[in-house]
Amino acid sequence: MKPLSRFKCHGMPFQIFEPLVSRSLLGIHFQRPSFCSAAAIEWRTGPNIPSANPLINEFSSYCYQWDLANAMKALDSMQKYHIWVDSVTYAELIKCCIARGAVKQGKQVHRHVFSNGYEPKTFLINTLVNMYVKFNMLDEAQALFDQMPERNVVSWTTMIAAYSNSEFSQKALEMLIQMLREGVRPNMYTYSSVLRACKGLFNLAQLHCSIIKVGFESDVFVRSALIDIYSKWGELQAALCVFNEMVTGDLVVWNSIIGGFAQNSDGVEALNLFKIMKRVGFWADQSTLTSVLRACTSLALLELGQQVHVHIIKFDQDLVLSNALLDMYCKCGSLEDANCTFNRMVEKDVISWSTMIIGFAQNGYSKKALESFEAMRFSGTKPNYITILGVMFACSHAGLVEDGQYYFRSMKKLFGIDPGREHYGCMVDLLGRAGKLEEAIKLIHAMEYEPDAVMWRTLLGACRVHRNMDLAECAAKQILKLDPDDAGTYILLSNIYANSQRWEDVAHVRRSMRDGGIKKEPGCSWIEINKQIHAFILGDKSHPQMDEISRQLNKIIWRLKEVGYVPDTNFVLQDLEGEQSESSLLYHSEKLAIVFGIMSLPKRKTVRIRKNLRICGDCHVFAKLLAKMENRRIVIRDPIRYHHFHDGACSCGDYW
DNA sequence: ATAGGGTTAG
């Protein structure tokens, strides 16, 4: 028996011999040398450093092959014979446990490396702490962290990153302070993870300052984390500053800034940056394309979205990206493409289903939305807060009062989701649409939430449809209390007064608007022709083909009048653009955009318009008649709903 | 060994 050379021993007399080995088929029988009982030994092994101990060689090779089952068997024997290996090999095994989600095995490794007086190194404990973090077992991670005799920057960063990503993000900041007090210096890893735990701009500025002070601001990880958190707080200019200071950036930094603009509904800037990114020579990945799709979605750019779709095909199917694509098709009003995308998805999560349900509902296909919901329940995917909103939206849109009430009342019992403010909003919409204005008001007063401006606007919408001036006045006043800058509501209120010849009240409203410096946003409609966006703004004649468009519009109106179209200047409760004379009504931006679309697009192609304000009643009639006369599909997306005009009817069922 | 970017409503 010859002694082995590579080992370390903690404080006990030792003499190590190779165990006698006899190999059977599976099991390995070891003879335990009695004199190495409680000795804590660390063997240095590794893929290329064979040990003279065959058990260790077995174990280590299983670890590096990620053969979890056999590694655990070998670990058992090592436990029995009080043998330990080096930290790197354990770390490999732990990595394998993390990748496989093997909690039980991971805990076993944990027990093993703390057994019989063995003292694992900081490195190894860090790996175990990280394992518990990855298993989302923060309490275990914290307990292990607390009992560490020595904590280095990695130990701290592991915990800080864990808390930053959790609901206890406050704890991440506290730990950063604690870490500084104990004299451990944070590194780039620490800063890039703690940034997302910021509780506000002041906090963020403090962190940003210390990052500059220690010179980490040029690290790409820190930079992208900074850009990301500034955009999450809506500070796009600050994000852009951080971005522009960069000399050699990477793809993720680009993705951060593009995503920042896309998420803050600045699709134009997001697409602009995307263009520059490509020019500089970066290839888009799934994350980039997801943000680009989101930009297309907010701008209703179907054709650009379709181009992105072509690029997506070269990647393996990606759930988040597919969901974004699905949403793009829904929001651009192309339900056929959305449905097709949905059916082709190999993996669907609650967001995929919700997107599809909401897509059907917003585009006026309530029945299909409810069918999808049933299919979702059948598939076993659990609905969430937003799914139920989509379902209730579908019910209110189709006038399914009882179904909507059923889902509202039983959502807690069936799906374990408490009705939130938005669900109440849907109920108000549902009741209001059905003409049950009294019940809607009762619900608003009975709910446990304070009604907000959105809620009152919903009620106001119902008042407009059911022509209830008194309640409309009350709702409008409530809205202005909560949102005094809402120009549309001022105009509506003034229209209500004008209609009842309450001129003093009209003057009062106008005065409040003037005093408050509130200007109504001009109506604006966009249409995409050949990847170019054409914008039409009420009263703006700068479009190069404006003369031809006006001529065509007049011709169309003339022909429509022959089949019974009467420009309706009396949309007191409808006209949010606040222009009631016939001439201005005739030049509402959506009419110009529709006519331009008909002029420029090939014959059968659907005319797709996006609008910044709700569509007025007159334009709605105009579009319905024109769709029939020209045998064209026209889709108008306003800030809330979609109108699919076809054959003299609209998918909204004249309710919006 | 520890770190950064993407999807559903409003």
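Chain letters run A, B, ... following the sequence lines, proteins first and then strands; every chain starts at 1.
Atom pair A/I386:CD1 and B/dT8:C1' shows a separation of 5 Å (rounding to whole Å applied). Following rounding to the nearest Å, A/E347 (CD) and B/dT7 (C1') show an atom-to-atom distance of 12 Å. Distance A/F342 CZ to B/dT8 C1': 12 Å, rounded to the nearest Å. Rounded to whole angstrom, the span from the OH atom of A/Y449 across to the C1' atom of B/dG10 amounts to 14 Å. Between the P atom of B/dG10 and the CD1 atom of A/I388 lies a distance of 15 Å, rounded to the nearest Å. For the pair A/D327 CG and B/dG10 P, the interatomic distance rounds to 11 Å; values are reported in whole Å. For A/N126 and B/dT2, the CG to C1' distance is 8 Å, given to the nearest whole Å. For the pair A/K232 NZ and B/dT7 P, the interatomic distance rounds to 8 Å; values are reported in whole Å.
If you check B/dA3, B/dG6, B/dT2 against the side chain of A/M188, the one that comes closest is B/dA3. Closest contact between the side chain of A/Q263 and the listed nucleotides B/dG4, B/dG10, B/dT7 involves B/dT7. For A/V320, taking side-chain heavy atoms from C-beta onward, the closest of the listed nucleotides B/dT2, B/dT7, B/dA9 is B/dT7. Out of B/dG10, B/dA3, B/dG6, the shortest distance to the side chain of A/F221 is found at B/dA3. Distances from the side chain of A/Y385 to the nucleotides B/dG6, B/dA9, B/dT7 place B/dA9 closest. Distance from the side chain of A/T355 is smallest to B/dT8 among B/dG4, B/dA9, B/dT8. Listed nucleotides: B/dT8, B/dT7, B/dG6. Nearest to the side chain of A/A324: B/dT7. Considering only side-chain atoms of A/L389, the nucleotide from B/dT7, B/dA9, B/dG6 that sits closest is B/dA9.
OP1 or OP2 of B/dT8 has not a single side-chain nitrogen or oxygen of A/N323 nearer than 4.0 Å. Checking the phosphate oxygens (OP1, OP2) of B/dT8, no side-chain nitrogen or oxygen of A/K348 falls inside 4.0 Å. Within the 4.0 Å cut-off from OP1 or OP2 of B/dT7, at least one side-chain nitrogen or oxygen of A/R294 is found. A sub-4.0 Å separation between OP1 or OP2 of B/dG4 and a side-chain N or O of A/R223 is absent.
You won't find any donor-acceptor pair under 3.5 Å spanning the side chain of A/S192 and the base of B/dG4, going by distance alone. The base of B/dT8 sits with one of its N or O atoms less than 3.5 Å from a complementary donor or acceptor on the side chain of A/S354. For B/dG4, its base never sits under 3.5 Å from the side chain of A/D219 at any donor and acceptor pair. Scanning atom types as modelled, no donor and acceptor separated by under 3.5 angstrom connect the side chain of A/N187 and the base of B/dA3.
In the model, A/Y329 has a side-chain atom that pairs as donor or acceptor with a side-chain atom of A/H309 under 3.5 Å. A/H423 and A/Y407 share no side-chain donor-acceptor pair at under 3.5 Å. Between the side chains of A/T127 and A/N130, not a single donor N or O lies within less than 3.5 Å of an accepting N or O.
Counting non-hydrogen atoms under 4.0 angstrom, A/L289 reaches nothing in the nucleic acid. Looking at heavy-atom distances under 4.0 Å, A/R196 makes contact with sugar-phosphate atoms alone, never a base. In this structure, A/V194 reaches neither bases nor backbone, as no heavy-atom distance under 4.0 Å exists between it and the strands shown. At the heavy-atom level, A/V129 lies nowhere under 4.0 Å from the strands shown.
Both the sub-6.0 Å distance and the 45° axial angle are satisfied by A/R151 relative to the ring of A/F145. A cation-pi arrangement, defined by a distance under 6.0 Å to the six-membered ring centre and an angle within 45 degrees of its axis, is absent between A/K382 and A/F415.
The aromatic ring centroids of A/W84 and A/Y90 lie 6.0 Å or more from each other.
Remark: A/D327 does not engage A/R294 in a salt bridge, criterion side-chain N to carboxylate O under 4.0 Å.
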